[in-house]
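Report on one structure; see the data block that follows.
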Amino acid sequence: MAHRPKPDYDVIVIGAGHAGCEAAYAGARLGMKTLLVTINLDAIAQMSCNPAIGGLAKGHLVREIDALGGIMACAIDATGIQFRMLNTGKGPAVRALRAQADKHAYSLWMKQLLEQIPNLNLRQAMVEHIHPTDVGGWEIELQYATRISCRALILTTGTFLDGLIHIGLKSFPAGRAGEFSCDTLSSSLSRLGLELGRLKTGTPARLDAKTIDFSGLDLQRGDEPPPPFSFTTERINRPQVPCYITYTNPETHRIIRDNLDRSPLYGGKIVGIGPRYCPSIEDKVMRFADKERHQIFLEPEGLDTNEIYANGISSSLPEDVQIRFMRTIKGLEQVVPTRPAYAIEYTFVPPTQLGPTFEVKDLPSLFLAGQINGTSGYEEAAAQGMVAGINAAQKIKGEEPIVLTRADAYIGVMIDDLVTKGTREPYRMFTSRAEYRLLLRQDNADLRLTELGYKLGLIDSERYSAFCRYREQIERELERLRSTPMKWSELNEKTLEELGLRMMEKSITLAQFLARPEVTYDYLVSLGLAGALDNPRAIEQVTIAIKYAGYIVKQADAIEQAKRLEQTLLPEDIDYAAIKGLRKEAAEKLNQIRPRSIGQASRISGVNPADVTVLLIYLKTRSAKPARAQSQKSKVRR
């Protein structure tokens with residue numbers, strides 16, 4: 001028998017952005033000998049655009065990454081310079097944390113952490129090609145012809161795959177400003193049979209703080225004390241700084257409109273589709289012509305730099321036009337940019353070619369994560385990287401893959417959206433995408449996912465023990481509140497009057513009392529009716545569980561109904577075109593995506609309820625055939 005050389009690594013990760021960092025960390029922590037390859041080791045976890053983490057729905061993703069044992073939340077807690085909880089006036093399902101980052105400190109913190117992880121090596125190099133090996137693994141070919149082999153390969157190329165920057169009518173290859181693009185790797189993907197597409201994103205100018213007049217601008221401070229992202233962070237110790245708010249005006253818009261002929265976006269030079277929910281200022285001015293102004297956030301890029309990120313005026317206009325329109329804005333009348341705004345086009349892989357583990361369906365042990373899958377945002381990328389890293393390790397170990405569903409996590413919602421529906425524009429996470437968002441809150445991510453993180457080996461025993469104690473506190477107090485009667489006679493007339501209540505003969509439980517809108521847990525404390533619960537997070541969980549109990553039960557019932565469809569698996573060998581009664585469009589989509597279950601099939605664009613019924617009848621008929629055949633054989637024997 002011929003000797004087969006042992007691969008150089010178990011897992012290789014190409015790209016050290018937010019997806020690559022989480023993928024490499026997860027793989028190494030799960031015992032895989034891992035290599036992280038990047039074009040520039042000094043730009044690990046670089047914040048190419050907004051120096052911030054979290055926000056609406058994105059904050060949910062960060063908390064879920066942390067609950068599973070990932071590193072993004074710890075990184076921002078260590079380097080954040082402003083933390084704010086958003087939507088505090090709304091229900092708990094849509095509240096989300098956002099933090100401004102010290103951009104360079106974040107990157108350095110991540111690099112230093114990864115350098116210390118056992119089983120993980122970092123290497124600066126350009127990967128030009130990838131090749132499948134004859135033993136089921138992969139080989140990467142570096143720019144200087146060196147080849148390195150592995151059992152599983154994870155691509156997290158961000159905007160570097162055929163990256164093309166546009167500033168006005170000038171264009172040049174780059175992965176981001178000042179860095180090389182990777183212009184050969186996509187040819188390997190094409191040769192492997194993958195369909196490719198083009199997307200576009202952009203970033204605003206960076207401004208010199210010395211040239212900005214902040215005196216007349218709206219001040220926006222963070223929360224005090226700063227709320228941390230990670231469930232393991234006790235407090236934020238870094239200095240906190242404010243941001244400022246200003247606005248465009250009709251003169252700003254006039255200059256932009258008058259120079260659209262110099263915009264690559266409106267001149268036809270850019271072919272990639274841009275983000276719908278984070279448009280350039282040119283798009284805002286044209287699409288919302290009735291609006292007289294657009295909001296701009298002036299955000300510091302760090303404690304040790306003078307650069308300001310101008311959030312809200314992303315642009316691909318020429319630099320001279322950028323300066324002209326910015327100087328019409330209050331506070332920016334004398335502004336001097338340190339770096340111009342630009343648009344960037346890049347190659348991506350339409351994600352319907354992937355399974356829910358982010359493994360390419362027809363290319364075993366090749367995983368894709370991040371912007372290569374058509375997403376936008378650091379948080380979406382990091383979540384994908386973590387899932388890909390976990391599942392690469394699971395595959396090598398010969399263990400079952402980890403598949404998060406829409407009922408498990410926002411991560412599961414994103415995965416299902418990508419691999420089932422695909423995307424034609426940069427995908428961004430929103431709370432509205434999650435049908436079970438009352439259960440998938442950012443505050444309970446640990447209760448949903450830490451058990452899984454511990455079973456995988458990403459959560460250590462010390463953290464898990466602390467989590468178990470926290471979970472038990474919540475469960476004990478909920479049981480006490482639900483079983484302890486509340487006697488109205490214990491409340492004096494003044495208290496009843498304050499609450500707008502009348503004396504009731506029928507006794508209720510403390511849980512029913514707390515469920516009233518005007519009653520808080522602190523009020524129970526003041527009445528001497530609270531338990532021995534002093535953890536603010538545990539109190540929050542108890543309060544939400546009681547006050548939203550009816551809605552939570554309804555969503556739990558809906559999840560159980562949906563599970564039945566998810567558990568009705570579709571055989572991998574089905575030829576959907578041969579199923580009678582299935583519409584041609586549905587058969588084509590089903591053959592392309594190859595859904596795992598009836599539930600996933602029902603969410604594919606082009607598959608309607610009648611098609612799902614046909615599939616259910618087909619499965620019932622198919623399962624009955626072997627039984628009939630066995631019955632016929634028995635009759636022959638008799």
Side-chain angles (χ1 to χ4, degrees), residues 13-26 28 34-55 58 61-62 65-66 70-83 98-117 120-126 156-160 163 174-182 201 203-204 206 229-230 233 236-239 241 299-309 311 338-339 344 369-371 376-386 389:
V13 180
I14 299 176
H18 303 277
C21 290
E22 295 287 352
Y25 178 81
T34 304
L35 175 66
L36 178 59
V37 185
T38 181
I39 294 173
N40 183 359
L41 280 175
D42 295 321
I44 285 177
Q46 180 69 276
M47 293 184 162
S48 310
C49 195
N50 194 353
I53 294 293
K58 292 170 176 283
L61 293 175
V62 181
I65 291 167
D66 183 68
I71 49 179
M72 177 172 266
C74 292
I76 188 60
D77 284 352
T79 61
I81 55 178
Q82 188 193 95
F83 292 76
R98 182 185 186 274
Q100 200 68 27
D102 187 318
K103 176 178 177 175
H104 299 297
Y106 185 97
S107 176
L108 182 60
W109 187 95
M110 192 71 78
K111 182 174 186 285
Q112 290 174 338
L113 174 76
L114 295 178
E115 287 175 336
Q116 297 167 15
I117 300 299
L120 178 58
N121 297 133
L122 310 183
R123 185 160 182 170
Q124 180 168 297
M126 172 84 76
T156 66
T157 51
T159 60
F160 281 74
R176 56 182 164 231
E179 296 191 52
F180 296 112
S181 65
C182 182
T201 189
T203 190
R206 274 41 165 203
F229 262 108
S230 176
T233 302
I236 303 297
N237 296 316
R238 285 176 62 82
V241 299
E299 302 170 337
E301 292 219 318
L303 298 178
D304 301 318
T305 178
N306 238 19
E307 288 191 281
I308 299 292
Y309 179 88
N311 189 348
T338 56
R339 313 178 199 220
I344 183 167
Q371 282 180 285
S376 68
Y378 312 140
E379 304 82 2
E380 289 90 342
Q384 292 172 70
M386 185 173 203

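All values derive from a computational prediction rather than experimental measurement. Nothing fancy with the numbering, it's 1 onward along the sequence.
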Exercise for review: Give a yes or no answer on whether the side chain of Tyr106 reaches the backbone of Ala52 with a donor-acceptor pair at less than 3.5 Å.
Suggested key: no

Review point. Do you know which two heavy atoms are closest between Ile65 and Ala383, and how far apart they sit?
Key: CD1-N, 3.5 Å

Review point. How long is the gap from CG on Asn306 to CD on Glu301, to the nearest 0.5 Å?
Key: 11.0 Å

**Study point:** Main-chain N/O of Pro204 paired to Arg206 side chain as donor or acceptor, under 3.5 Å
**Key:** yes

**Study point:** Ser107 side-chain N/O to Ile44 backbone N/O, donor-acceptor pair under 3.5 Å
**Key:** yes

Practice item. List the atom of Cys49, the atom of Tyr378, and the distance in Å for their closest heavy-atom pair. Key: N-OH, 2.9 Å

Check your understanding: For the side chain of Glu299 and the backbone of Tyr309, is there at least one donor-acceptor N/O pair under 3.5 Å apart?
Key -> no

Practice item. Please check if the side chain of Asp66 supplies one atom and the backbone of Ala73 the other of a donor-acceptor pair under 3.5 Å. Key: no

Point to revise | Nearest non-hydrogen partners of Pro300 and Pro51, listed with the distance | key: O-CG, 4.2 Å

Point to revise | Pairwise side-chain contact, Lys103 with Thr305, heavy-atom cut-off 4.5 Å (strictly under) | key: no

Review point. If you measure from CG on Leu108 to CG on Leu113, what distance do you get to the nearest 0.5 Å?
Key: 11.0 Å

Review point. To the nearest 0.5 Å, what is the distance between CD1 (Ile236) and CZ (Phe229)?
Key: 9.5 Å

Review point. How many angstroms lie between CG in Asp42 and NE2 in His104, if you round to the nearest 0.5 Å?
Key: 11.5 Å

Check your understanding: Given Thr203 and Arg176, is the side-chain contact (heavy atoms from CB on, under 4.5 Å) satisfied, shown in steps?
Key -> CA-CA 10 Å; Thr203 190; Arg176 56 182 164 231; over 6 Å; no

Exercise for review: Look only at the side chain of Asp102 and the backbone of Thr79, and say whether a donor-acceptor pair between them is shorter than 3.5 Å.
Suggested key: no

Review point. Do Glu179 and Asn40 come close enough that some side-chain heavy atom pair is under 4.5 Å?
Key: yes

Check your understanding: So among Val37, Leu35, Leu36, Leu122, which one has a side-chain contact (heavy atoms from CB on, under 4.5 Å) with Val13?
Key -> Leu36

Point to revise | Stepwise salt bridge (charged side-chain N to carboxylate O under 4.0 Å, His left out) check, Glu307 with Arg339 | key: CA-CA 9 Å; Glu307 288 191 281; Arg339 313 178 199 220; 2.8 Å; yes

For residues 16-25, dump all side-chain donor-acceptor pairs below 3.5 Å to protein atoms at least two apart in sequence or in another chain.
unit_1: His18; atom_1: NE2; unit_2: Gln46; atom_2: O; d: 3.3
unit_1: Glu22; atom_1: OE1; unit_2: Ile71; atom_2: N; d: 3.2
unit_1: Glu22; atom_1: OE2; unit_2: Ile71; atom_2: N; d: 3.2
unit_1: Glu22; atom_1: OE2; unit_2: Met72; atom_2: N; d: 2.8
unit_1: Tyr25; atom_1: OH; unit_2: Arg29; atom_2: NH1; d: 2.9

**Study point:** Approximate separation, where rounding is to 0.5 Å, of Arg123 CZ and Leu41 CG
**Key:** 10.5 Å

Review point. Has the side chain of Thr156 got a donor or acceptor atom that lies under 3.5 Å from a matching backbone atom of Ile14?
Key: yes

**Study point:** Side chain proximity check, Thr159 to Ser48, heavy atoms < 4.5 angstrom
**Key:** no

**Study point:** Taking every non-hydrogen atom, the tightest pair across Arg98 and Asn311
**Key:** NH2-ND2, 4.0 Å

Check your understanding: Under 3.5 Å, is there a donor-acceptor pair between the side chain of Thr38 and the main chain of Gln124?
Key -> no

Exercise for review: Nearest 0.5 Å please: distance from the CD1 atom of Ile76 over to the CE atom of Met47.
Suggested key: 5.0 Å

Review point. Is the side chain of Gln100 donor-acceptor paired with the backbone N or O of Ile81 at a distance under 3.5 Å, no angle test?
Key: no

Practice item. Would you name the heavy atoms of Ser181 and Met126 that are closest together and state the gap between them? Key: O-CE, 3.4 Å

